Structures are given as C-alpha cells and as structure tokens.
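Here's the structure, in structure tokens; my notes come after.
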Amino acid sequence: MTWESAMPTLIVGTSLLTGLLIFFLEEKRQRLRSTLNLLGAGLKLVFVGIIIVGTLQGREYEFRFPLVLGFDFLLRVDMLSLLFVTLSGVLWFVTTIYAIGYLEGSEHRSRFFGFFSICVAASTGIALAGNLITFFIFYEFLTLSTYPLVVHRGTEESLRAGRTYLWYTITGGTVLFVGVAWLNVLVGDVDFSHAGSLASVAPYYHTELIAIFVLLIAGLGVKAALVPLHGWLPVAMVAPAPVSALLHAVAVVKAGAFGIVRVVYDVFGVSFANSLGVLTPLAILASITIIYGSLRAMTQDDLKKRLAYSTISQVSYITLGVALFGITGTIGSLVHLVHQGIMKITLFFCAGNVAETLGLHRISEMNGIGRRMPVTMGAFTVAALGMIGLPPIAGFISKWYLALGGLEAGKPWVVVVLLVSSLLNAAYFLPILHAAWFKKPSQSWSPRTGKLETSAMLLVPPVITAGFSLAAGLFAASNGSPLALARQIAELLYYSSP
Amino acid sequence: MSQYQLYAVGAVLLFCIGLQGIIVCRHLLKKVMAANIMGGGAFLFLISIARRNTIETADPVPHAMVLTGIVIALSASVLALALTRQIHKTTGHTTLEDPTNNRVEK
Amino acid sequence: MIIWLVLLPFAGGVLAFALARWGRVIGLLTTAGTFAVGLIFSAQIWQNGPQRYLVGGWSVPLGINFFADGLSAVMLLITGGIGTIISLYSISYFAPTARKGEWSENDTFWPLWLFLVGGLNALFLSADVFNVYVTLEVVTLAAIGLAALAGNAAALTASLRYLFAALIGSMAYLMGVALLYASYGLLDFQALQQVVQTDAPTVLALSLMTVGLLLKTALFPLHFWLPPAHSTAPAPVSAALSGLVVKGSFYITLRLWFETFYGQIHFSAGQLLGALGTAAILWGSFQAVRQKRLKLLIAYSTVGQIGYLFLLFPIITATTSRDVVAAWAWSGGLFQAISHALAKTSMFLSAGVLLKAVGTDEIKSMRGIAGHLPLTTFALALAGISLIGLPPSGGFVAKWLMMKAIIGSGQWWWIPVVTLGGLLTAGYVFLMLRYTFLPQEANHPFKPVSPVMQGTAFALAVGAVVIGFRAKELITLLNIGMGFPEVPVLENPGL
Amino acid sequence: MSWVEWAFDGVLLLGVVGLAFGVLVVRDLYHSVILFIAFGLLLALGWVRLGAADIALAEAAIGAGLTGVLLLDALHAMRVRGGGRVT
Amino acid sequence: MIWLSVILLPWLIALLMQERTYRVSRFLAPLAPLPALAFAIFGDSNASASVDWLILGVHVGFGAVGQVFLFFTALLWSLATLFAFDYMRKDERPWRFHFFFLLTMSGNFGLILAQDIITFYTCFALMTFAAYGLVIHDRTNEALRAGRIYLITALFGETLLLGGMFLVASQSPSLLLADMQEAIAEAVHRDLMMFLIFAGFGVKAGVLLLHFWLPLAHPVAPVPASAVLSGCMIKAGLLGWMQLLPLGHGSFPQWSTFLVVAGFSAAFLAVIAGLAQKSPKTNLAYSSISQMGMMTVALGIGLATPEAWPPILVVLLIYTVNHALAKGALFLGVGVAGATGQSRWRQRLCLGGLMIAALAIAGAPWTGGAIAKHALKNAANLAPEDWYPALTWLLPLASMATTLLLTRFLILTWQQMKSSEKTSHPAPALWISWLILLVAVLGSVTFAIGRYAIELERSTATLRSIWDSVWPVLLGVALLIALQRVLRKRKLWPIPAGDIVVLLEKAFHSLRQIGRALPVPGPSYWQINIVASVQRLAESETKQDITNRVESLLKNWTAAGVGLVVLILLLVLLL
C-alpha cells in the first residue's frame, strides 16, 4: 500500500477510529474525549490539506480493494470529492467544538460523540467514494450512524422521529440499491472517473437506463429531501442542535445532493443524461421542491422546523443546478453545495444557542432576542440574509449562477422559480430578524452568567461559519474560493463527458 | 405384478397411514407409534425394492439402509418417549397443546 | 485428514459423555480442533480442488463415501468457526456441574453438542443421498435433545413438535431415496447426475425428498415447528439451531437441485420454491415485527431469512448452463446462508446475554442496556445490519449478488420481494434497537454477565460484517467444483 | 410363484395394514400398543418373505420388541402418574 | 482602495455604533460621508478602478453621471448626518438610528460608484434593507406598518430587478453596466428586460402604482432619514434607470410614450392625493412622487430617439440635483420647524427658508427648478411628434400643480409651527446644516449653469422664459389660497396616506382569512400518517387480528399435513 493509496483510507479512518475509541471511553472522561474529538477533527483537516496540495501538484490518490467479483471498494480523490471532503472536514471541526459546548453536562456523551464521528467518517467516505457501489456503502453507513444521533435524547418524540427517519432513508436506500445493482448488471462496475461511459450503451437499453436513473434519483432523493420524499426532514429536527446542523449542512441532506451530482455527471454523464431526457423532469421536480419547502417554512413557528423546511427548499437548488445541463448551472449547483452548508450550519448553531441558553424554540417567543444575544443573532442575520440571496453573502453567488445557468440552458422558468423562492425565503426569514432586532422583548431574559452571552464554545462556531458565509461571497472571485473550485470542477466535468 | 411390487404398494399404504396418524392423532404415544408405522412403511419399501431385479439374491444395499434406519428409528422413538414422559410429568398433558403459550426457559 | 472432521467430534462427544466433569474442556478443545482441521482441509480444497475419500476402503455403493468440494468446505468452516465460538460461549452460559451424581444441563449439553457438530460435518462430507439421511438424523436428534435441555413444559412440547415434524421430513426423504434407488441403483449425488431422467418415479422421488427437506428447513408454510423450538431452547442451542442446523437440510436441497438434477428441473418448480421463499420472507419478517419477546423475534426472523435462501432456486433453475447469472445467484444465496448463520448466531447469543442480565427476554427489558452492555448492543446492531443487508456486511454482499442475479435473469418480480423483505427486517431490527436508547427503568437492576459471553456474541456479529470485506475468497471457494464460471466477470450486455 | 404364496403375501400385507390402522384407531392405548407390537412382528414376517431374514430379526427385536416395551413402560408410567386411564 | 473607503468608512463607523461606544462614536458619524464628498468634488471624472477578487469582480468609477450624483448625494448625506447629530439627541436609542443611517449611506454611495451590476445590486440591496431600520425607528404602530409595507414593496422590487439582471447578464458580454445597456438594446427579450428594470427601480423611484410605500415610509422616519430617503435614495431608482435602460442606444417610441404617460399621471395624481394630506411630511412625500413623475417624463423623452438622450441627460441632472437638495431642505426644514419654539424670528426664518426650497422645486425664476424646466421644455421637441403640443401645456400645468402642493405644505407647516407649544432648545447643528443646505440649493443654479453653460445660455436669459416660469407658480399659489378659503378647515377630499395601499391591505387580509378557513393539511401530514399507520399495524396489540389467527392455523398439525401433501403434489406436477 503506497502513501498515495493510504491517504483516502486515512481520511475516512481518522473519524472512524476516533468514533470507535470514544465509544469505549467512560462517561466521565470528559477532557480526554474532547481532546480526542478535536484531535481527530484536526488530524483530518491536516490530511485533507495534504491531499489538496497533492492533488494540485497532480498526484493521484486512489485506494482500491476488490470486495466481491464484479465490484471494488474504491476510494479516490478527484476535484469533486475534494470540494465535499473539505466542506465536511472544516464543518466537522467547527461542529465538534460546538457539540462539546452544547452537550456539556448531558448524558450519554460517549455514545453521542462516537456516532458523531462515525457519521462524519461516513460522509467523508461518500465524498471519496470512487464508484457507485462504494458510494452506496457509505450512504447506508450514514443512515445507520445518524439514526442514533436523531434519537439521542431518548424521548418518545425523538424515537418517533427516528423511526420516521429510518423508514424513509432505508426505503430510499433499498430503492437506490436496486438501481445500483441494475446498473451493475447492465454495464458492470464503472468508476466515477470514467464518466459518460454509459453513452456507449446500445440504444436498445436506453429505456432500462431511464428506469435506472429514476431509481437512483428516487433513492438519493430521500436524503436530498426532494418532494414528496422529504417527510423525514422536518420531523428529524428534534435531534440535538449540532446533529441538526450536521444533518442539514454536511451529512445527510448533502449526501443525497452530492449523490445526485455524481449520478448525473459521473455515472451517466450530463450530455447523455440530457439526451435521455431525464434532466428536465428532474429540474421540474427540484423546482417544485424549492417552492414547496419555502411555502411550508412560512407557516412554522418552531424555529428549527422552519429551518428544516428551508433546507428542503435550499438543497434542491443543488439538484436544480445539476439538472440544468449547462456549465453555469453546474457551477451554481456545486458552489451552492458549499454555500448552503456553511449558511445552514450557522442558522442551526444559532437556533441551538437560543434554545440552549434561553430555552426558546418558538419564533413567537423570540421578540427582541437580539438585545440579549447580539452575536448569535448577528451570525444568524448574516446567514439568513445569505439564504435570501442578498449580496455579497454566499447565497447570492449560488443564485446568480443558477439563474444564469437556467437562462443558458434555455429554461427561463428557472429564473422565475428562483425569484419566487427568494421572495418566499425573505418572507420566512425576515420576520425572524424583525422580531429579534426590532420588537420589544415580551419577557425578561435570564441574565448572562459570564462575560459572553453564552458559553464560548457555543458562540465561536456560528461566528466562524457566518464569517465563512460572508467571505465565500465577498471573495468569490478570488482564487481558492468555493466558486473558483466549483468552476474548475464544472469545466472538468464537462470536459470529461463530451 | 410381481411380489416386490405388491409389497411396495403395501409399504406405501403403511407410509400414508403413518403420516395420517402423526398428523391426526392427538395422543403423544399414538403419534410415536404412527411415526414408527410410517418408518415401517419406508423400510418395507426399501426391502421390497431390494428384490426388484427378481434374480435369486436380494440387493444388499437396501438391507444395509434399513438396518441403519431401524436403529435411527429406535433412537427417535426413545427420544420421543422420553420427551413424552417428561411432558406428562411436568404438565400432565399427553398432547401437544398450547402452541402459542410459550414461556421462556428460566 | 477428512475423516478427522467426523471422528474428532464424535469421539469428543463420547468422551464428554463419559467424563461429564470435563465436558466443557473436551467440548471446547474438540470444536476448536475440528475447526483447525477444517481450515487445513479447506486450504487443500482451495489448492487441489474437490476431494473424494472412501471410508475403510470399501467401494461404492456399500462403503461410506466422502466427497468434499468448495461448498462443503465453506459449510465445514462455518460449522467449525461458529461451533467453536458457541462452545466458548456455552462454557460461561451453563453453570458447571454442582455436585457429583446430580444432573445438570451442562452434562447433557456437551455430548449432544459435539454429536451435533460431528453430524453436521458428516452431513457436509457425505457423497450420497442415504448417508446424508443418516447424518441428518443424527443432527436432528442431537438438536432436539439440545432443544429440550431447558426442561420446562414449553421447551419439551416444542422439542417434541420439532421431533415429529423432523420425522415426517426424514421419512418422506427416505421414501424418495428408496424410489431413486429403485430406478437407478445408485445413491451417489454425482453418479446419479449422469443417469437421472425426469420420469414419473424420479419426479415423485425428488418431490418427496424436497418437501421432506423443506419441512426440516422450515420453509413457509412448513415453519410451524421452528419458532417455538428455537425460542425456548437455551441461548447457545437456539444459536446453533438457527445458525447451523437449518442449513444442513438446505445444503442437501442444494446438492439435489443443482448438482444431481441440474438442468432437468422445470422452470415452474423453481418458481414455486421462489414463491414459497417470498411468502416466508414476508410472513416471517412480519411476524417478527409483531413479537414482544426477543428470542421469538429472532426465531421468526430466521423463518424470514430462510426465505431468501430459496430465491436462488427460481433463478438457477431458469438457467440451462452454469452461466454468470447462475453464478451470481449461487454465490448470493450461499453468502446469505453464511452471513445469516453468523448474524443469527450472534443475535441469539446476545439474547442469552440479555436474559442473564435482566432475567427476561422481553424486548421492553432492553431499555438502557446500551449503557450496561455496550458490546451486546453493538452485537445486536451489527448483526441486525447484516440481516437487513446494509453495507458493508455479509448480508449486503448476499443481497447484492442476489439482486444482480434477479435482474440479470430478467425475473424482475423478485425485486420487490428482496426490497420489501429488507424493509421489514429493518423494521424489526430497529424496533428492537430503539429500546436500547430509552432510559433504563429504575427498578430493574442488571446482573453482571460474563465478558466472554458478550465478547463471543460481538465477535460473531463482527464476523457477519467482516465477511462482507473478504467476500471474494469465500465466493471463489464456494465455486470450486460447482462448475460455475471461475471469476464471473460479466460480458456486460449493455456495453 | 405359486398362488399360495401370492395369497399368503396378500393376507400378510392386509394384516399389516389392518394392524397399522388398528393401532391408530383403537381407543384404548394399551390395546393400541399391543396391536403395535403385533404389527412389528407381522412386518418382520413380511421381510422374511422378501428374503431379508437377518433384517427381519433385527426388526422383530428392535422395532417390535424394544420399542413395544418402551411404549408399555411409558404408558405405565403415565398411568401411574396420571392416576388412571390415559387415552 | 480609495474608492472602497467611500463605502467602507460609513460601515466601520456604523460598527462602532453600540450603546457602550456611542458617547465617542457619535462624534465620528459626521465624518463618514466626508470622503465621498471630497471625492465628488476633487475626483477625476474619468477615474475608475476594479478589484477582481472581490465578489464577482468589483468595478467602480464615476461613469457619465456618477460624479454629479455622488456630489449631491454626499452633500445631502453630510448635512443630514450633521443635522442628526443634534436632532437625535433626545432619542432613546440614537446609536441604533445612526447604525442604520450609516449603512444606508454606505449603500447609497456604493451604488453610485458601482460600474458593474453585482456591485450596484449589492449596494442597492444594502441601502434598501438598511433603510428599513430607519423607517421603523420610532416603533410606533404607523412606523411598523410603514416598515412592513416598505419591506414588502422593496422586496418585490428587488426581485423584479434581480430577474431583469439575470436576463440581461445572460445576454451581456460582461457584467459592466455600460456593456449591459448595449446588450439590452440588442436583446431579443428587450421589452421584458426593460419592463423588469423599469418596475424594479420603479419601486424605489415611486412610479405610479408602485409608489404607495412612499407616503407611508417617508413621514414616519426621523427627519434626517426622511430627507435622505426623499432626497437621495429615491434618486437611486432614477440612477438605475439611467444606467441600465438603453438610453441613447436606439429609439423606443412605445416605451417613450409609456414613460411619458406614466410620468404625467404620477405628477398630477400625486398632487391630488397630496393635497388631501394633513401631515406636512406626507405632503412632501407626495410631492416627491410628483417630481419623480416629471423626471420619468424626461426619461421617456430620452428613450424616444438616440439623439434625444444627451440633452435629456443634462435636464435630468439639473432636475435631480435641484430636487434632491431642495427636497432635503424641505424635510430638514420640518425638523427645524419643530425646534423653533415660540421665537417669532426663528419661525419666520424657518418659513423663509422653506419658501426658498419650495420655490426651487416649483421652478420659480433663478432657481435650479426653473432651469431644469426650461431645459425640459426645450428638449420636448425631441419627443415623438404627437407629443410636442401636449408637452408645451402639460409642463407648466405640472409646475402649477407642484406649487399648489408645496403651498399647502407651507401652510400646514406654518400652522404646526404656530400651534406648537414647545420651547426651543439649543440645536446649533440643526440650524447650521439646514442653512448650508439652503445655500446649496441656491448655489446649485450656479453650479448647473457653470457646468452646462453652453446648452442653457440661450434658453434661460430671455424675459419670456422668466415669465414662463413665474406664471405657473403664481397661479398655483393663488389657486390654493382660493381653495383654502373656500373650504376652510375641511379636508379637501378623503384620500388616506398611501392611497391604494389601503385597498391592497384589505385584499391581503381577506385572502388570509380565506386561507386560514381552508383546513388543508400539507402532503407531509399524509406521509407521516402513512408511516405511522404502517407502524401501528406492525405493533398492534390485538390478539384477535387476522395475522395471529393465520399463524395459529399454520401451527395446526392438520393444516401442516395438508400443506405438506399439497406441496408434494404441486412439486410433482411442476417438476
């Protein structure tokens, strides 16, 4: 095993190992656990840094391990995986800090952090998977490792949520499984790097390919929360805040969206998918989801629930961009993968802060909260405005590219969808901001215990991610920004699938 | 119709009677006997086919099989009777009742 | 070499019977030794291909004739491996004999258990249809003896029910053997293959044998005896029954259908077995979801999982040559058998741990065990994952191959069966696991449980997952001697 | 084969089948067991007719004799414990 | 980077506007607009700069009109900030006001300097949303209502604008405004693009039917905020039109007609609505709508032919500068009027100042307004043929209407001043800034003549032209006094502030009622229910249900036996 082939396994392994170690720590060993957590997260960032540098220097990282006849376990670093793995690495680090602060003094922390790490290992695996089967393996692995997090509180409500979550995700996984197997029967084990090889499939099999595409998207659509497969997401928000943050920003929802990206670009090849005629229905489905999610978000009073519906809407931007068949749309979609992540994680952090510090969950109780928690709500405001699509925050960049992509692809209705969605976003985010900053407090807040509005561990992460959201938009045009990376990837994707 | 065929028909009859007995009879001892009758049928069938070639000597293979079979049947009967007695001892039942009312071992 | 696989456990059994006080030591050493021999033996088969051995030098048909190919090797390995671990577990599970002259479960367990292992080994090595009957009877009688070990009314009744069912099955099988012998004068699986024709007596023979074996394998709707028997036995016995014993009769069915009668069986017969398998999957899983007691749940899960094994029948019978699709189905079905053996054994052993810790196996009693028995919780979870067929696990590889075979054969109607079965399985696995996340009830103290018991259950569960990673070797071994394409890398129809 | 032999075989088989039937039909268990022993012996006789004398001996001893005794013993034990007739 | 300092300095100072730091930072606030002012005065009109790595590439510069816009905007903001220094003294949370005030300022400066669409939109959005904080600053119910309506309308406008931007950007070779303007002229979907841009900026510029937020929002904001809202920010819409509509890039007679009609409608209808108002600030807001209508008319003429645009540009610049400064002066004057107390001379001084500003807007001779109107009249012959005669009599009429409205405003303010019981308080910054602004209003004439002397020389010098500007004003004053006399204290006609918004609110309210009355659960409700019922089925406790019975039947020996035999027979049949 060479150094290059060990790298991807190491990246997945750091979080996996951390997770396993933490399981066997005693509940009391808090400091050791925190150290381990941060060490794992930090180490992973270092590794990710190494492969970024390496990839830029033209090195190839690949780990192949034949599992059964006809399929290999393949981890490989390409630009797309780099994008996702960096996102998950960075956000995991931040979320770990947050989670340590959030769960201070609660029960079953070993269990929590164990699964937490494993969950990240799974999403890293998803990022690095080099073929559809490896992707599927980690995809299911993710389902399993998130379930304990969703039900972590052990209340009736969370158990019910966990059950719903499982029903949806396992059903989705099964459907995906059928699709993957079918494709494997038809064309064998195709690596992502050989994108577009399906184009050479005889036309006789095209109907089958369409069916496979539908199965794959349906399977992935559950996690990506495409309507009508989204039912689990608003329910699953009973999970602790760091979990919701992770679910909505990096792990589960993103895994689905990322999978759709992979399927369209690296399995079918976008031009071939387009010639099969499957992209437009996908775009329409994504559009419906975008509008529907926003509409539902408006009626929610529970902050996390509103954010959850918002996620449904926002994640479908990625799908929409993928389905547009145009390089600009792809850029928008890929960059939104990152942007939605950093913005949504900020929002959930903030929601968690409010809930944890003041015990508030309903928006109607949050009048004037900006006065009590200015930093938290400041971060929230940045992220929320970004979600609405106000420049120069990250969300605007995504929307800009998506809309131009829609026009480029000759689908002007996409612009209408985006605009309506922006309006709706504003309609459900701005009232929160208004209530937080401009309304008179309807109650007296519990006084600050320390110098800061809440514990530093809870405060720093949202500030960092809000900073990211701002920076990602502000410096979008500079080298190394998510946008630059997305552009590079999009060019590669289009280059490789003629 | 040759002799072995006649016995074969009888064997099949015995087999069916035995099967019927295991299924229908409720008393455990009767079930045990029915099982033996069923086995008897099977053995008779084997022995009859040993003569299928109507030459002078019988085929030794089925004989060997039957001999083995008898021993096995005896073991099974012994086990069945032991279990029957035990059941009677613990519950007083002589039938296989209460299929649903399972209690876990303790 | 080959003879030791049978002799060792039988000798051990006799010894354990004679020296009851040393039963546990003898038991462990014997099973471990058998496993070691099995490993070496498998290596030989791996290198040299199928092997034949005449016991005592007598020739066919009178002598006992052993034959082993890849399939036998794999079954031997599974029996040896799982057997050793069950032995290890049982040492802690059964209390040692208290005083001399007093009966205890421990005394009875070891001889019967070793006979069971010996019988299974002999079964997998037998080359002819009659020896298989004899060994199957040995296995069954030992198994029933073990199942009755708990000694309470429920266990006794269940065992007796099991016995009668098994007897019917054996007799039906024996009649079939007799019919075959009457027609061809042959008993050897492979020798028969050369001559069999589908005339009326042969068809009747095959039907009788198959149904007899199905009864012993507890395929729906002939599963009636299994849940009570498997759920009332002591935990290690339940494990062996569900994990190993049902595979014995399944093994014979495979030999009959795909060795002796391969190519002669009508498409619709395969469909019938597939349909029964489907019914088993759905019914068994559905019943499992409804159970309130852990061991019953696991037992019904066995009923369901057995159904999967029979999905390979419609696919392979539809093929006329041993092509890629058949190879997928073959590997998939057997991988299912293997991973089910590991997972199910692990689950029953875990249930035993729980029983010792809480005193009951009600699923409700699992509240909060995650904190006290983390290993057991993990074992249940991992085993469950393999059962559901989630990656990366043996169950996943099995489902993967099976799904490919189904799609490749064009018999798409089995797709929903596999998927729905997976969902139902997930249903009962998580129904069980969710309790571990609930806070513990205050008045329910946990008793300490031997770490060996927890560890063995965990090890098996890990095994069920890990074989998913080493599937390649196992599948290659499985195909030795069966004539399937060596490495079924397909000519993809689409490309 | 002569018709006598045919007739003998026929009667013998009828007897065996009849006894088997009787075993299962007779109400009294004791009678049933006795009939079973008779069945075993008659069956062994049939085997002799088929040229399997050695096997027949084994059957008479084991199938009819030993099993019969065991059945009687079990019946007895159950009667004693059950306190009376067991049907 | 110097360019960015214009935008960033207000930002930085805004960030210092905390309750704790306000004691110091309030002295910094007046510094914030100074770089912009200096830049507008001393900067090179051809200068530009670009920062490629920022957002999607930021391009800043003056462009054709930027310097003028920056000048009056910076001037008004500077004075308003100074004004606020005293005006906000008694406020409960002045730091909060200043925070939003400075952010709005930053956005306003930025959008003037922006040469590419993204920067423009960014700053435009910043200005729009930050101004929300100004509108609702007082937290009264009216303020909150106005804020809500402002926000909804603004969002609506931004969305339309964004849509227009997307369309244009997809056709344009670059994101530079200049390129986009050309791209629109040649685009296939030109009309759609122009409509979106017109309506998008129209919200800000108070185009008829999109204007209703204005008379609500401008009056409720604190005085300095109203001044910049009406003086500068309303011009941002105009600037947007000027930057993006394909002016000078072709002839668009239909659009021209449309704009002229829309402009005149606004000009007259706003006066009618404005006359009905009792609050001087509302009155002024309607005046702004009316004046913006006039500018729309000018713009419409500019769209008629490519040749029409250069002279119209001059007209618009003069018009804009004049209106911005004068309207600023009027709004600040309302604040000054509140601070005169009972001192007679202060009241008179105040009234005098207000009259000067009002006259400047009405277009009395020797004011910027007069020059602008003359220039417009001159340019009117560039309009499509049919329009010229109409324009010659509509323009003076509009002037008269303006006078009517502003006279009404003066009377209202005077009445208010008279009736106020308050004693004056020392507020030097208030007076100083206002007086400077008045000087600027007067000085803008010089500025305008000096800058565009060549074009304007002939038209302003004649006696005839002076009379042209005098008679509408006199007529307007006379008419109002007559009206006032006739009706005394009765309201002229019952038009509430914000006119059509009242209808919209009613419609929205009833829609919501209907929406609430419909008991339609969302699809996710059904989904969860399906899952739940499956779960319930799986976990149901009843012993009597069918599956249990089937399972016990299967356990029955007879059933098993029958099954066995049937299976054997089936297999025999099938094999």
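Lettering follows sequence order; numbering is per chain, from 1. Just so it is clear, the model here is predicted, and its values are computed rather than measured.
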query: Please walk me through it: do D:Phe39 and B:Leu14 pass side-chain contact (heavy atoms from CB on, under 4.5 Å)?
result: CA-CA 11 Å; D:Phe39 160 80; B:Leu14 283 182; 3.7 Å; yes
field: Non-hydrogen side-chain atoms of B:Arg85 and D:Asp73 separated by less than 4.5 Å
entry: yes
task: Work out which heavy atom in B:His63 is nearest to a heavy atom in D:Gly51; give both atom names and the distance.
output: CE1-O, 3.7 Å
query: Between B:Val66 and D:Trp47, is any pair of side-chain heavy atoms under 4.5 Å apart?
result: yes
message: Measuring from atom CG of D:Leu29 to atom CG of B:Leu29, what distance do you get when rounded to the nearest 0.5 angstrom?
response: 5.5 Å
field: Trace of the side-chain contact (heavy atoms from CB on, under 4.5 Å) decision for D:Val23 with B:Lys30
entry: CA-CA 8 Å; D:Val23 167; B:Lys30 278 205 173 165; 6.0 Å; no
statement: Looking only at heavy atoms, the pair that brings B:Gly10 and D:Leu13 closest together is CA-CD2, 4.0 Å
- prompt: What pair of heavy atoms forms the shortest contact from D:Asp9 to B:Leu6, and how long is it?
  reply: CB-CD2, 3.8 Å
query: Taking all atoms of both residues into account, what is the closest heavy-atom pair of B:Thr94 and D:Met78, and its distance?
result: CG2-CE, 3.4 Å
task: Please state whether the side chain, the backbone, both or neither of D:Leu43 comes within less than 4.5 Å of a heavy atom of chain B.
output: side chain
query: How far apart are the C-alpha atoms of B:Leu44 and D:Leu50, what are their side-chain angles, what is the distance that settles it, and do they pass the side-chain contact (heavy atoms from CB on, under 4.5 Å) test?
result: CA-CA 9 Å; B:Leu44 181 59; D:Leu50 285 166; 4.0 Å; yes
- request: To the nearest 0.5 angstrom, please state how far the OG atom of B:Ser77 sits from the CG atom of D:Leu66.
  value: 9.0 Å
Residue among D:Gly63, D:Gly68, D:Gly46, D:Ala58 with most heavy-atom pairs under 4.5 Å to chain B: D:Gly46
field: Pairwise distance OG1(D:Thr67) to CG(B:Leu74) - rounded to 0.5 angstrom
entry: 5.0 Å
- request: Please step through side-chain contact (heavy atoms from CB on, under 4.5 Å) for the pair D:Phe21 and B:Ile37, ending with a clear verdict.
  value: CA-CA 9 Å; D:Phe21 201 67; B:Ile37 291 169; over 6 Å; no
field: Region of B:Ala34 that comes under 4.5 Å of a non-hydrogen atom in chain D
entry: both
field: D:Val26 portion near chain B, given a 4.5 angstrom heavy-atom threshold
entry: backbone
- request: Determine whether B:Asn36 and D:Leu71 make a side-chain contact, defined as any pair of heavy atoms from C-beta on separated by less than 4.5 Å.
  value: no
- prompt: Of the non-hydrogen atoms in B:Gly21 and D:Leu24, which two are nearest, and what is the gap between them?
  reply: CA-CD1, 3.6 Å
- request: Identify which part of D:Leu19 has an atom lying under 4.5 Å from any heavy atom of chain B, answering side chain, backbone, both or neither.
  value: neither
Considering all heavy atoms, the nearest B:Leu81-D:Ala74 contact: CD2-CB, 4.1 Å
Contact origin within D:Leu70 toward chain B - heavy atom pairs under 4.5 Å: both
